[in-house]
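Everything below concerns the one structure shown next.
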Number of protein chains: 2
Amino acid sequence: MKISRIELNSEQFFETGDKYFLPHLSLDCVIFGFHDNQLKILLLQWKDTFEWCLPGGFIYKDENIDTAAARTLNSRTGLDQIHLQQFHTFGGLDRQRGKEDTKKIKNMKGNSWLLERFVTIGYWALVEFSKVVPSPDELSSDCRWWNIDEVPTLILDHNNILLKALHSLQQNLNDYPIGKELLPVKFTMPDLQSLYETILNKKLDRRNFQKKVLAMGILERLNERKLGGAHKAPFLYKFNAKKYQKAMRDGLRFGLS
Amino acid sequence: MKISRIELNSEQFFETGDKYFLPHLSLDCVIFGFHDNQLKILLLQWKDTFEWCLPGGFIYKDENIDTAAARTLNSRTGLDQIHLQQFHTFGGLDRQRGKEDTKKIKNMKGNSWLLERFVTIGYWALVEFSKVVPSPDELSSDCRWWNIDEVPTLILDHNNILLKALHSLQQNLNDYPIGKELLPVKFTMPDLQSLYETILNKKLDRRNFQKKVLAMGILERLNERKLGGAHKAPFLYKFNAKKYQKAMRDGLRFGLS
DNA sequence: TTATCATTGTTTAATACCAACACAATAAAG
DNA sequence: CTTTATTGTGTTGGTATTAAACAATGATAA
């Protein structure tokens, strides 16, 4: 489905955005990628204040919130058809930009709807690093990947939102498969293990890990090895799309028997 | 903390509520209780349309969303200091009351802010059945418990919200202790097992269940038995408050080793 | 008063599962 | 060809889970 919406310039946006968007409500996306054995997230930098923040968005008055999240993700990455996981809604009283920002931010006046208090809906997404084309929006000067453990101080409570997203992702690992979205189509067992270790932030046993993920029944081993490394060449694997999706629906763990 | 807020009558509420509350945003509480071996939830009935719905509320412009949820819970049950678990935010385009409702609902006019499209934040809570004093609000004629499997058709997407809340609660059982909020102070092992079976909607093995919950290390067996039953009198237990809270914080399960 | 009943409390056995370890196979580098 | 670091696979011992056996007990009814 093609999403076509009005594009506002920053002045129009600051002054009349509340004609198009739900007031007091926003969404923020924590977009995870994986590259060079490092977990990364996509951050945006404000044009005038140079502050960093999560890529966020607003919800058109006649738009589903999940659709709005997908639209936001698409705008920053160019990607489509990505699973977005809503994980928490943040509604503290501190979620409001200060009046002093109007002095710094071009075109923003003291009565802008953006200076009101906002409740924000948090989503996270897993995307394939190499497929992303980071794109700043009208209000930002830069959009780029940051290593998860080098993220700077972000505006408002965005560092807290990131923390909660990471925690939600870690919880998710126990119940749902992961990797299809973060890895290239063909990958090795060490690649997958490294991904898990990075997200969970701990070392896993190589041999038991292999047994566990194979037991999930969502992997297919190819008759190919990844050559070029300094040592024994590991097999390449790919996900079985059907079984992967089934596991995404039904989950991998089960409760008390 | 005592919450003191303006009380509006229904006419004022319909006409000027948006002066006090965040527009387009609401919250809904799925309040679980347990009685006669049945899982129950608290529902509210609209005065004029006789439709049933989840007890919901709105968020004052200078109020934290979690505080608003606690206030709503308190208004319907009289209870304080209850853990409220936010589980999902619902933002479909169908979340809007029809214009025809103005004909049925007294004092509601066609331009009421309540007829706009709403995004709602879902919370669930576990409460002790016997301590609740169900109290309708200004707009509702009835407030009472319903067995979870006898819940009628609710307004908008409230049946779906309930379903998601139940699922979230079931997931929660795997990772966090439960029961302190739903059972009286002293209870038997069969009581606790019955609670788990009801929520999970499946039978559990009596002996293994006992071992499992005792292994959690949050129960204390009293030198008392529950007499009056037709057969062997079971021991009474109570929760160790400190250990229970620790388990609530840290969880009971751990991820991949 | 006593046998019966249904349920509870505890123990034990069979099974599945998992962390930890051992060792052979192998691609690249020298 | 030998060395090296890593990968692929198998084994082991311990732990957790499931399942079953059996004794204990409070109420009920003969």
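These values consider heavy atoms only, across backbone and side chains, with no hydrogens, waters or symmetry-generated copies. A note on names: the letters A, B, ... follow the listed sequences, proteins ahead of strands, and every chain is numbered from 1.
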Salt bridge present between B:Lys186 and B:Glu224 (N-O < 4.0 angstrom): yes
In whole angstroms, the gap separating C1' of D:dT7 from CG of A:Asp205 amounts to 13 Å
Evaluate the ring planes of A:Phe32 and A:Trp124, with Trp represented by its six-membered ring, and classify them as parallel (under 30°), tilted (30 to 60°) or perpendicular (over 60°). perpendicular
Can you confirm whether or not the ring centre of B:Trp146 sits under 6.0 Å from the ring centre of B:Trp52? yes
Measure CZ/A:Phe209 against P/D:dG8 and give the value in whole Å, please. 12 Å
Rounded to whole Å, how long is the line connecting atom CG of A:Leu227 with atom P of C:dA29? 11 Å
From CG of B:Asn208 over to P of D:dA21, roughly how many Å is that when rounded to an integer? 14 Å
Between B:Asn240 and the options B:Glu220, B:Lys246, B:Gln245, the side chain to side chain donor-acceptor pair (under 3.5 Å) test singles out B:Glu220
Could you check how far CD of A:Glu224 sits from P of C:dA27, rounded to whole Å? 14 Å
Quick one about B:Tyr123 and B:Asp66 (side-chain donor to acceptor, distance below 3.5 Å, no hydrogens or angles considered), yes or no? yes
Return no unless some side-chain N or O of A:Lys212 is found under 4.0 Å from OP1 or OP2 of C:dA19. yes
Scoring nucleotides 4-14 of chain C by protein non-hydrogen atoms under 4.0 Å (B base, S sugar-phosphate only, - none) yields -BBBBBB-B--
What orientation do A:Phe187 and A:Phe239 show, parallel under 30°, tilted 30 to 60°, or perpendicular over 60°? tilted
In whole angstrom, what separates A:Leu204's CG from C:dA20's P? 11 Å
